[in-house]
Structures are given as structure tokens and as C-alpha cells.
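Position 1 is the first residue of the sequence, and the numbers go up from there.
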Amino acid sequence: MLLISAVIGIYYAFAGGGQQTSKDFLMGGRRMTAVPVALSLTASFMSAVTVLGTPSEVYRFGAIFSIFAITYFLVVVLSAEVFLPVFYKLGITSTYEYLELRFNKCVRLCGTILFIVQTILYTGIVIYAPALALNQVTGFDLWGVVVATGVVCTFYCTMGGLKAVIWTDVFQVGIMVAGFTSVIIKAALIQGGISTIINDASNGGRLNFWNFNPNPLQRHTFWTIIIGGTFTWTSIYGVNQSQVQRYISCKSRFQAKLSLYINLLGLWVILVCSVLCGLALYSRYHDCDPWTAKKVSAPDQLMPYLVLDILQDYPGLPGLFVACAYSGTLSTVSSSINALAAVTMEDLVKPRFPSLSEKSLSWLSQGMSVLFGALCIGMAALASLMGALLQAALSIFGMLGGPLMGLFSLGILVPFANSIGALGGLLAGFAVSLWVGIGAQLYPPLPERMMPLRLETYGCNSTYNGTNWMTTTEMPFSTSASQVHNIERTPLMDNWYSLSYLYFSTVGTLVTLFVGMLISVSTGGRKQNIDCRFLLTKEDFLSNFDILKKKKQVLGYKSHPVEDGGTDNPAFNHIELNGTDQSSKISGTRL
């Protein structure tokens with residue numbers, strides 16, 4: 001798998017004349033179509049944290065995780081109808097360019113730095129997590145794997161740019177689905193059909209879909225997943241550079257929206273696969289939990305344990321699953337590296353040195369990719385000192401992504417917001433979400449808030465006697481929890497710090513929005529006069545229905561001379577998109 005990914009990188013380094021400009025390198029020349037972009041969007045946020053984390057999540061807390069299907073739908077609609085139109089019509093490379101256009105340079109710099117910190121932290125966890133789990137179960141050498149992953153990723157990002165990232169992601173999605181299905185099929189065969197798996201799950205109380213408890217302190221209920229999940233994931237899909245960069249690289253706005261909606265199908269497929277894997281895990285181990293029986297030392301290792309348990313007689317299939325976990329890692333890391341390079345180039349290098357030629361910009365972008373690849377491997381070394389995985393990853397996104405999403409929503413949805421309000425709101429939101437997030441890491445919530453379901457070990461000694469080949473090394477996890485239990489709990493810990501981790505992002509976003517609005521109104525934000533291109537307007541929504549109207553004018557549509565291969569992308573268009581020029585709007589250059 002690593003070899004094929006590297007070969008794709010080499011291919012795109014030379015195909016079609018290589019990467020002449022930095023725009024080719026960072027944006028795929030804005031000529032991508034919807035399907036590969038959609039698969040790539042799916043791949044990069046279905047990291048190995050999903051492949052290993054979600055099944056064990058379902059195994060421990062039940063299938064309520066599948067309510068995320070509704071969340072994903074809401075997220076995709078929000079991204080496609082609120083954030084995408086604004087970013088697309090401005091034709092920008094870095095989403096933080098928008099912050100300067102709408103507010104000022106200072107806001108842009110804050111956004112950029114937050115993003116760089118957040119992404120490097122997250123990428124470190126994403127490289128380290130699967131390497132650790134697979135190392136404990138399969139005996140792969142830990143640091144060899146971490147370095148190999150980082151190096152291959154950096155290699156194809158540097159050689160092939162965004163095109164290589166997108167096409168390797170397409171290949172990796174295929175591998176992830178293959179890995180999941182092989183596990184599901186084999187488990188169903190062993191247990192005697194999917195129906196047995198479902199029966200075992202319902203007997204064990206794992207089919208707990210309908211938990212409508214409105215209490216925001218419980219980890220996963222219907223409402224925490226719908227509300228908190230929507231905020232957390234929109235901050236990833238709507239405004240995170242590594243996602244936005246991809247759907248902006250589509251050739252027309254219709255293709256960009258289409259790619260988001262196709263990606264929704266991909267998210268659903270992967271969600272169904274991972275929930276089924278979790279139920280299969282439960283069905284297989286419902287009377288003998290390997291985690292309490294000390295056969296694995298962390299829940300993340302349950303999935304590899306199951307794979308080696310049921311697939312060990314088939315040569316190559318456990319390897320397929322390992323490849324599945326790593327392809328999750330690779331796709332996430334590569335998109336992060338490419339996005340980091342794009343942001344650094346656009347927000348830090350270009351404003352500073354405006355006189356650089358395209359050739360040197362392209363070289364610089366490649367140099368940036370190498371640098372950030374190395375940084376991410378370094379972060380993985382640091383991640384080995386951090387706490388439980390899925391939650392840590394998501395809470396970083398919540399703590400830093402929430403305020404950033406609040407900042408963009410302020411710009412796009414609130415016409416009277418000004419730069420003072422934006423900065424104030426960002427700082428306030430950031431302070432509050434750091435406070436909650438760090439508090440929750442230091443004083444973890446009580447078990448009755450987390451609601452883990454029962455795991456049984458009564459069937460252990462008799463059944464799996466000869467298969468205790470599992471070497472347990474003590475994990476650095478769950479240390480903080482055991483040390484802190486003897487401190488008496490204060491109301492602050494029991495309520496504020498026990499907030500469900502999905503609400504971190506919600507708190508950050510809402511605080512940023514409200515504080516930003518208050519400060520803007522009190523510092524004269526109503527008086528400023530803003531170009532309507534920077535806001536979400538009625539036309540942006542109504543233009544979804546233009547396709548029905550345009551059927552009549554299709555002949556007069558390309559009235560301007562087409563020199564650029566006919567792309568409808570404003571960044572490449574020869575007609576300036578001024579709001580005053582009504583005639584060009586009607587003839588359809590704003591697709």
C-alpha cells in the first residue's frame with residue numbers, strides 16, 4: 001500500500017507537465033471533478049482513529065454512535081449551503097485569506113496560527129495512535145512504522161501536490177472499505193449470520209439508539225450527538241483548510257457542492273461498516289471481554305485483536321486490515337501536510353515577499369511540505385505522552401476548531417461584525433474552550449456520566465485457552481484518571497468539566513459569536529459598509545435552482561472568449577466578478 005501511494009505521487013509529479021506553479025501544487029490547478037474529491041474528503045477525516053476507535057466505541061458504549069448519520073447530513077448541508085458559496089465565489093487558496101478580506105490582517109494571522117498549531121497536534125495523534133495499537137497486537141516495530149508513514153506521506157505530498165493527495169485518498173478509501181468488509185463478512189460467518197450478531201447486541205443492551213436525555217453532561221445522547229456533533233464536524237468540514245482546499249479545487253461550483261453530497265454517502269458507508277464491526281466485536285466477545293481479561297491493554301487494540309483472532313488462518317487478510325488502518329492515517333496526514341503548506345505559503349510567505357516568481361513559489365511549497373512532514377513525525381513522538389485517543393483528537397478539534405468556526409460564521413452570517421468584535425470574540429471563545437477542555441483532561445468525568453455498558457468475562461477460561469499470545473505492555477493511558485480519584489469533587493468539576501466532549505466546539509463557537517456581536521455593535525459595527533461578496537446572500541441560496549433556469553440560455557452561456565479550457569472557476573476567469581456588472585451575472589459566469 002505504501003508503495004502504490006508513493007508511485008501515485010511520482011506519477012503526478014511528472015504527468016501533465018508536472019507542478020509548474022504553486023497553484024498547480026496546492027490547488028490541483030482547479031480542474032478536479034466531483035467524485036475523486038468526494039472520496040478524498042471522506043478519506044481524510046476517516047482516519048485510523050476511526051478505523052480503530054469507532055468499533056471499540058460501539059463495543060463499549062453501544063450503537064448510539066450511529067446517530068452520527070443524521071449529524072453528517074446536517075454538517076454536509078451546512079457546509080455546502082453556508083460556507084462553500086462564499087469561499088468559492090471569492091476564489092481563494094487559503095480560507096484565512098477570507099478573514100483578511102472581511103476583517104483585517106491581524107484576524108487573519110490569529111486564524112492562521114491557530115490552524116497550524118491545531119493541525120500539527122492532531123496529525124501527531126493520528127500518526128501515533130494506530131502505530132501504537134497495531135504495535136501492541138501485531139508486533140510491528142513502533143517507531144519504524146511511525147517514521148515510514150511520515151516519510152511516505154511527505155514524499156508523495158512533496159512530489160505530486162494536491163492531485164497526488166486526492167488520488168491516493170481515492171485508493172485508500174477503497175482499501176479501508178475492503179478491510180472493514182473482510183472483518184464483517186468473516187465475523188458474520190463465524191457467528192452464524194448478521195442476525196445472530198444483532199441478537200447478541202440487543203441482549204447485551206448495545207442497540208441503545210433512543211436515548212433522548214437532554215442532559216448536556218452525558219457523553220453520547222441523541223441531543224449531544226445531533227447538536228454537539230454538528231458543531232464539531234462543521235468546524236472540520238465547513239472551515240478547516242484541509243477540507244475547504246479540496247472542494248475549492250473543483251472546476252465549477254456545482255461540482256464542488258456535488259462532491260460534498262457524494263462524500264456524505266461515503267461517510268455513511270464507513271459509519272455503517274464501523275458500527276457493524278463494533279457489534280461483531282461484541283457478539284464475538286460478549287461472554288469474554290479481552291480488555292477486562294487483560295489480553296489487550298487499551299480499548300483501541302480490540303479491533304486488531306479481533307482481526308488476528310478470526311482471520312489468522314488466512315494469509316494476507318490481517319495484513320489487509322493493517323493496511324486499512326494505515327491508509328486511514330496516510331490520507332489524513334497527507335491532507336494535513338498539503339493544507340499546512342498552502343496556508344503557510346498564502347498567509348505567511350506571499351504577503352511578506354510579494355516579488356517571488358511562480359517557479360520559486362512552487363519550490364517553496366514543496367519545501368514547506370517536507371518541513372511540515374518532519375514536524376508531524378516529531379509531534380507523533382510527543383503524542384506518545386498524551387491521553388486516550390479518540391477523545392483527545394476530537395477535543396483538540398473542539399477546543400481550537402470551535403472558536404475558528406465562530407470567527408468564520410461571524411464573518412459570513414453577521415453583516416455588522418467588525419474586526420475588533422472578531423478578535424475579541426475569538427479570544428473569548430478560545431479562553432472558554434481551553435478552560436473546559438483542559439479541565440476535562442485533568443479531572444475526567446465520573447463513570448455514570450460516561451455510561452459504559454457491562455462487559456462480561458465469565459466465559460473466559462474454558463473457551464480461548466490456547467490463544468494467549470498477546471503480549472501486554474502497560475500503556476501510558478488512564479494514568480491521570482487513577483491518580484485523581486482521591487481528590488474530593490467540587491461542583492465545578494461535576495458540572496462544568498463533565499460537559500460532553502462534543503459540546504466543547506459548541507461552547508467555543510457560541511461564545512465567539514455572541515461576544516463578537518456584542519463588541520461589534522458597541523464599537524460601531526452597524527456603520528461600516530461591506531462588499532456583499534463576503535457575506536452569505538439570498539442569491540447564493542437561490543443559485544442552486546439556476547440549473548433549471550439555465551436550460552433555456554445554454555447557447556448564449558459561453559459568450560466571452562474561452563481561453564482557459566473553459567473552466568467556470570472565478571479564480572481563472574477573465575471577467576472580473578464585480579457586484580455592479582449585472583449583465584455578466586445573468587449570462588452565467590457566476591455558476
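Distance check: Leu281 CG to Ile197 CD1 gives 10.0 Å after rounding to the nearest 0.5 Å. Rounding to the nearest 0.5 angstrom, the gap separating the CZ atom in Arg284 from the SG atom in Cys277 is 14.0 Å. If you take CE on Met176 and CG on Leu330, they are separated by 10.5 Å, rounding to the nearest 0.5 Å.
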field: Chi angles and distances behind the side chain to side chain donor-acceptor pair (under 3.5 Å) call for Thr221, Thr224
entry: CA-CA 5 Å; Thr221 68; Thr224 39; 3.2 Å; yes
message: Using side-chain contact (heavy atoms from CB on, under 4.5 Å), reason through Tyr285 and Tyr305 one step at a time and then give a plain yes or no.
response: CA-CA 11 Å; Tyr285 299 126; Tyr305 182 83; 3.2 Å; yes
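Phe504 and Phe231 have their aromatic ring centers separated by at least 6.0 angstrom. Remark: aromatic rings of His286 and Tyr59 are distant, center separation not under 6.0 Å. Taking the six-membered ring where the residue is Trp, the centroids of Tyr72 and Trp233 are separated by under 6.0 Å.
Residues Leu513 and Ser409 form a side-chain contact, since some pair of their non-hydrogen atoms from C-beta on lies under 4.5 Å apart. Between Ile166 and Val37 the shortest side-chain heavy-atom distance falls below 4.5 Å. Looking at Tyr237 and Leu260, their side chains come closer than 4.5 Å, going by heavy atoms from C-beta outward. Between Phe180 and Val51 there is a side-chain heavy-atom pair separated by less than 4.5 Å. The closest side-chain heavy-atom distance from Ser235 to Leu404 is not below 4.5 Å. Within the 4.5 Å cutoff, side-chain heavy atoms of Thr292 are placed close to those of Asp289. Residues Tyr122 and Met379 fail the side-chain proximity criterion, which asks for heavy atoms closer than 4.5 Å. Here the side chains of Leu502 and Phe68 are in contact, with some heavy-atom distance below 4.5 Å.
Within a 6.0 Å radius of CZ in Phe73, other residues, nucleotides and ligands contribute 12 heavy atoms or fewer.
Side-chain contact check for Thr33 and Gln255: no donor-acceptor pair (N or O, by modelled atom type) lies under 3.5 Å. Inspection of the Arg246 and Ser335 side chains reveals an N or O donor paired with an N or O acceptor under 3.5 Å. A side-chain donor-acceptor contact under 3.5 Å links Lys186 and Tyr314.
Each side chain to side chain donor-acceptor pair (under 3.5 Å) pair with one or both residues in residues 199-218, not counting sequence neighbours, appears once here: Asp200-Ser283, Asn213-Gln218. Sorted by first and then second residue, the side chain to side chain donor-acceptor pair (under 3.5 Å) pairs with a member in residues 167-176 read Ser5-Gln172, Tyr12-Trp167, Ser40-Asp169; sequence neighbours excluded.
Relative ring orientation between Phe61 and His220 is described as perpendicular, the plane-to-plane angle rising above 60° on a 0-90° scale split at 30° and 60°. Using cut-offs of 30° and 60° on the angle between ring planes, the pair Phe87 and Phe83 is parallel. Under the 30°/60° scheme for interplanar angles, the aromatic rings of Trp435 and Tyr497 are found to stand perpendicular.
The side-chain hydrogen bond (donor to acceptor under 3.5 Å, both in side chains) test applied to Ser242 returns Asn240, not counting sequence neighbours.
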